[in-house]
S.K.: 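Take a look at the following structure, please.
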Amino acid sequence: MIDLQLNNKTHDEERQGEALIVDGPKIRNGRKLYIESYGCQMNFADSEIVASILFDQGFETTGDYKEADVVFINTCSIRENAEQRVRNRLSQFGAEKRRNPKLIVGVLGCMAERLKSKFLEEEKLVDVVVGPDAYRELPQLLTEVESGHKAINVLLSREETYADISPVRLNGNGITAFISIMRGCDNMCSFCVVPFTRGRERSRDPHSILAEAKDLFDRGYKEVTLLGQNVDSYKWKGKDAQEDADIEVNFAQLLEKVALISNELRIRFSTSHPKDITDEVLYTIAKHNNICNYIHLPVQSGSSRILDLMNRTYTREWYINRIDAIRSIIPDCAISSDIIAGFCTETEEDHQETLSMMDYVGYDFAFTFSYSERPGTLAARKFADDIPEELKKRRLAEILLKQQQTSLYRLQKFVGKTMRILVEGTSKKSDKDFCGRNDQNAMVVFPATEGVLAGQYVNVYVDRCTSATLLGSVVAQEPEMV
Ligand code: 5AD
Ligand code: SF4
């Protein structure tokens, strides 16, 4: 067994240098990889594929870039400030490269795809640039760099899903893991750079998804999150593994197949799209109590006029209809959202519609953003980024304030109830406390209790909450909520 480490900075949380155990006797070559990820969970999952490809080449990973032979930065282009953070980090790696000229520095992911060879020309400190569909080429590209050339591959693919690559679990707690079920996006939301950086949508073979989920469960994992930019449009056509028959699998069917692996394996998924989420998916969630009652359903804006300019292809009324369907089919479902403040032409009235949508839904949680124009997107080409920064900031602050109030209100609803928690480990603040999530994805902290271990399900009575966390203690009684 080998300990691997890496750093990741996702949209929603900052993670750093947690340990990972990798199984299997592999011959090491004594070289070390440091990989740091920015952006969405997909990027995080991609870094695990990259680590797996280099692990097969004999690399070990390290949590300290100063002792690495190869430094990769898996980048995000979604907003301008994400790119700025990456550039700042690259200049730090550059300083290290001046000290150690043999160090190979690589840019992976969405910025690699967006800026292509510009990195090699402008940032003389970068040796290799690799887009999200070209990671299989990494060993050859590194060989090229070693022979004194700069190397680049940013070709997008219509087929690549890395289905056969078993990701090395990085930063893992050994209990929860991500499984990528599709790549790319065909939606063309006008603000979004993803269709350009990650290419066309393609679904991964369900047999390989099921095998990965089963393998994780057999190794003691208790929760998997199925990942895609738009999981509801998952569709795979091909041959059944056992019978020689043509089959078609949609997202609801995939969810059900994963849920049937074991009732002790919890299933989460992200991201859902309001235009594509079907009642079939909702009924599947309601039918299996190990599919968590939590849906991330980004609204982006509450105004139909803005949604149209965003090319989201649904209206306010359509979104409300989907919320009503969730509430009636899965009564205790938690719902979260992404919301953008200050999109092109947004009026005060449009902004009020976003706030009233938030009131209507009562989101458990929301990721909130100020609109950031991205070069090459439909919005950048068609509309002026005409909302002054100050106004964007004010609207974002109002959205944030409302969300803080709603999140607290939502958490308070759990107080006084007993619920089933999957113990993920000790809490960040104190090793005398455990933490884990309830079915609705709310974080619960409770005193470490004798006989309770990470990876177990326990019943916790919640007696109070802060604005982000439920607090309670382990009890013997049956939960009111699974
Ligand atoms: N500006 C601001 N936010 C954006 N997002 C995507 N592109 C932009 C942009 N150009 C947000 C959307 C998306 C989330 C992942 O990031 O809300 O759902
Ligand atoms: Fe971007 Fe829209 Fe695709 Fe999400 S669904 S990745 S916001 S284009």
S.K.: Ignoring hydrogens and angles, tell me if any N or O in the side chain of N290 forms a donor-acceptor pair with the backbone of L265 under 3.5 Å.
M.R.: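 Yes, the answer is positive, given that a donor and an acceptor are paired below the 3.5 Å cut-off.
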S.K.: Between R200 (side chain) and L156 (backbone), is there a donor-acceptor pair under 3.5 Å?
M.R.: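 Judged by distance alone, no pair lies under 3.5 Å.
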S.K.: Are a donor atom and an acceptor atom from the side chains of N321 and Y314 found within less than 3.5 Å of each other?
M.R.: no
S.K.: What's the shortest heavy-atom distance between S52 and S166, and which atoms?
M.R.: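 Distance-wise, the nearest heavy atoms are OG-O, 2.9 Å.
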S.K.: Tell me the closest heavy-atom pair linking T469 and L411, and the distance in Å.
M.R.: N-CD1, 3.6 Å
S.K.: Can you list the steps and then say if D359 with K402 is a salt bridge (charged side-chain N to carboxylate O under 4.0 Å, His left out)?
M.R.: CA-CA 8 Å; D359 283 334; K402 184 173 285 296; 2.9 Å; yes
S.K.: Rounded at 0.5 Å granularity, tell me how far CD in Q253 sits from OG1 in T284.
M.R.: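 Output value for this atom pair is 8.5 Å.
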S.K.: Check this for me, if you would: do E280 and K287 make a salt bridge, where the nitrogen-to-carboxylate-oxygen distance has to be below 4.0 angstrom?
M.R.: no
S.K.: For G302, is there any backbone N or O sitting under 3.5 Å from a side-chain donor or acceptor partner on T354?
M.R.: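 At least one qualifying donor-acceptor pair exists.
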S.K.: Is it true that the NZ or CZ of R79 lies under 6.0 Å from the centre of F369's six-membered ring and within 45 degrees of the ring axis?
M.R.: yes
S.K.: Taking atom NZ of K382 and atom OG1 of T377, what is their separation to the nearest 0.5 Å?
M.R.: 10.5 Å
S.K.: Does any N or O in the side chain of D364 come within less than 3.5 Å of the main-chain N or O of S336, such that one atom is a donor and the other an acceptor?
M.R.: no
S.K.: When you check the gap from the basic side-chain N to the acidic O, do E144 and K150 get nearer than 4.0 Å?
M.R.: no
S.K.: Let's go through R266 and N289 carefully: what are the C-alpha distance in whole Å and the side-chain angles of both, what is the deciding distance for side chain to side chain donor-acceptor pair (under 3.5 Å) to 0.1 Å, and is it a yes or a no?
M.R.: CA-CA 9 Å; R266 266 184 177 180; N289 66 10; over 6 Å; no
S.K.: Let me confirm one number: the SG-CZ distance from C189 to R312, rounded to the nearest 0.5 Å.
M.R.: 4.5 Å
S.K.: About how many Å separate OG of S301 and CZ of F343, when rounded to the nearest 0.5 Å?
M.R.: 9.5 Å
S.K.: For M111, does its backbone N or O pair with a side-chain atom of T75 as donor and acceptor, under 3.5 Å?
M.R.: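 Yes, T75 side chain to M111 backbone: donor-acceptor pair under 3.5 Å.
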S.K.: Between R89 and E36, does any side-chain N to carboxylate O distance fall below 4.0 Å?
M.R.: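 Yes, this pair counts.
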S.K.: Determine, for R204 against D164, whether the closest basic-nitrogen to carboxylate-oxygen distance falls under 4.0 angstrom.
M.R.: no
S.K.: Taking atom types as modelled, find out whether T345 and R305 have a side-chain donor-acceptor pair closer than 3.5 angstrom.
M.R.: yes
S.K.: Using every non-hydrogen atom in the two residues, find where S37 and N43 come nearest and quote the distance to one decimal.
M.R.: OG-O, 4.2 Å
S.K.: Carefully, step by step, assess K413 and D332 under the rule salt bridge (charged side-chain N to carboxylate O under 4.0 Å, His left out).
M.R.: CA-CA 11 Å; K413 292 212 152 189; D332 62 352; over 6 Å; no
S.K.: What I want to find out is whether K237 reaches D205 closely enough, with some N-O distance under 4.0 Å, to be called a salt bridge.
M.R.: no
S.K.: Determine, step by step, whether K275 and N187 satisfy the side-chain contact (heavy atoms from CB on, under 4.5 Å) criterion, reporting the C-alpha distance in whole Å, the side-chain angles of both residues, the deciding distance to 0.1 Å, and the verdict.
M.R.: CA-CA 10 Å; K275 84 175 157 65; N187 282 325; 3.1 Å; yes
S.K.: Looking at side-chain heavy atoms only, is the closest gap between M310 and I340 below 4.5 Å?
M.R.: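 Of all side-chain heavy-atom pairs linking I340 with M310, at least one is under 4.5 Å.
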S.K.: To the nearest 0.5 Å, what is the distance between OG1 (T368) and CG (L400)?
M.R.: 3.5 Å
S.K.: Under the criterion side-chain contact (heavy atoms from CB on, under 4.5 Å), I'd like the reasoning laid out for F196 against E113: C-alpha separation, chi angles, the key distance, then a yes or no.
M.R.: CA-CA 8 Å; F196 304 98; E113 187 58 52; over 6 Å; no
S.K.: Would a distance-only check, ignoring hydrogens and angles, find a side-chain to backbone donor-acceptor pair under 3.5 Å from D127 to V105?
M.R.: yes
S.K.: Between S157 and D133, which heavy-atom pair has the shortest distance, and what is it?
M.R.: N-OD2, 2.8 Å
S.K.: Is it true that a side-chain atom of Y38 and a backbone atom of I73 form a donor plus acceptor pair closer than 3.5 Å?
M.R.: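 No, Y38 side chain to I73 backbone: no donor-acceptor pair under 3.5 Å.
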S.K.: Determine, stepwise, if the pair V129 / K116 fulfils side-chain contact (heavy atoms from CB on, under 4.5 Å).
M.R.: CA-CA 7 Å; V129 174; K116 303 191 167 74; 5.9 Å; no
S.K.: Looking at the rings of Y34 and F72, which for Trp means the six-membered one, are their centres under 6.0 Å apart?
M.R.: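 Aromatic pair excluded; centres sit 6.0 Å or further apart.
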S.K.: Of all heavy-atom pairs between D186 and E201, which one has the smallest distance, and what is that distance?
M.R.: OD1-N, 3.0 Å
S.K.: Answer yes if the side chains of S190 and N311 hold a donor-acceptor pair under 3.5 Å, and no otherwise.
M.R.: no
S.K.: Taking 4.0 angstrom as the limit, do D439 and R420 come out as a salt bridge?
M.R.: no
S.K.: Is it the case that R87 and S91 place a side-chain donor and acceptor less than 3.5 Å from each other?
M.R.: no
S.K.: Would S356 and R316 count as having a side-chain donor-acceptor pair, cut-off 3.5 Å?
M.R.: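 Their side chains do contain a donor-acceptor pair, which is all the 3.5 Å distance test asks for.
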S.K.: To the nearest 0.5 Å, what is the distance between OG on S203 and CE on M182?
M.R.: 4.5 Å
S.K.: Which of these passes side chain to side chain donor-acceptor pair (under 3.5 Å) with S407: R410, Q404, Q403?
M.R.: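 The residue from R410, Q404, Q403 that satisfies side chain to side chain donor-acceptor pair (under 3.5 Å) with S407 turns out to be Q403.
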S.K.: Please tell me whether Y65 and F93 form a close aromatic pair, meaning their ring centres lie under 6.0 Å apart.
M.R.: yes
S.K.: Start with the C-alpha distance between K392 and L396, add both sets of side-chain angles, then the distance that settles side-chain contact (heavy atoms from CB on, under 4.5 Å), and finish with yes or no.
M.R.: CA-CA 6 Å; K392 284 184 188 170; L396 183 65; over 6 Å; no
S.K.: Any luck finding a side-chain donor-acceptor pair between N74 and S47 under 3.5 Å?
M.R.: yes
S.K.: Consider only side-chain N and O atoms of T176 and N173, and report whether a donor and an acceptor are under 3.5 Å apart.
M.R.: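 Their side chains do contain a donor-acceptor pair, which is all the 3.5 Å distance test asks for.
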S.K.: Run through K393, Q352, H351 and flag the one making a side chain to side chain donor-acceptor pair (under 3.5 Å) with E398.
M.R.: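 When K393, Q352, H351 are each tested with E398, the side chain to side chain donor-acceptor pair (under 3.5 Å) holds only for H351.
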S.K.: Go through the steps for E424 and R437 under the test salt bridge (charged side-chain N to carboxylate O under 4.0 Å, His left out), then give the verdict.
M.R.: CA-CA 8 Å; E424 290 181 20; R437 283 165 204 276; 3.5 Å; yes
S.K.: With the threshold set at 4.0 Å, does a side-chain nitrogen-carboxylate oxygen contact exist between E223 and R268?
M.R.: yes
S.K.: Compute whether any side-chain donor of one residue and acceptor of the other, for Q140 and N153, lie under 3.5 angstrom apart.
M.R.: no
S.K.: Taking V299's backbone N and O only, do any of them form a donor-acceptor pair with D338's side chain (distance below 3.5 Å, no angle check)?
M.R.: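 Checking the backbone N and O of V299 against the side chain of D338, no donor-acceptor pair under 3.5 Å is found.
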S.K.: Is the backbone N or O of D350 less than 3.5 Å from a side-chain atom of T347, with the two atoms forming a donor-acceptor pair by type?
M.R.: yes
S.K.: With the threshold set at 4.0 Å, does a side-chain nitrogen-carboxylate oxygen contact exist between D279 and R322?
M.R.: yes
S.K.: Looking at S337 and I339, would you say the former's side chain and the latter's main chain have a donor-acceptor pair under 3.5 Å?
M.R.: no
S.K.: Ring centres under 6.0 Å, that's the criterion: do F269 and Y294 meet it?
M.R.: no
S.K.: Determine, step by step, whether Y371 and F191 satisfy the ring pair (Phe, Tyr, Trp, His ring centres under 6.0 Å) criterion, reporting the C-alpha distance in whole Å, the side-chain angles of both residues, the deciding distance to 0.1 Å, and the verdict.
M.R.: CA-CA 8 Å; Y371 173 60; F191 52 79; 7.4 Å; no
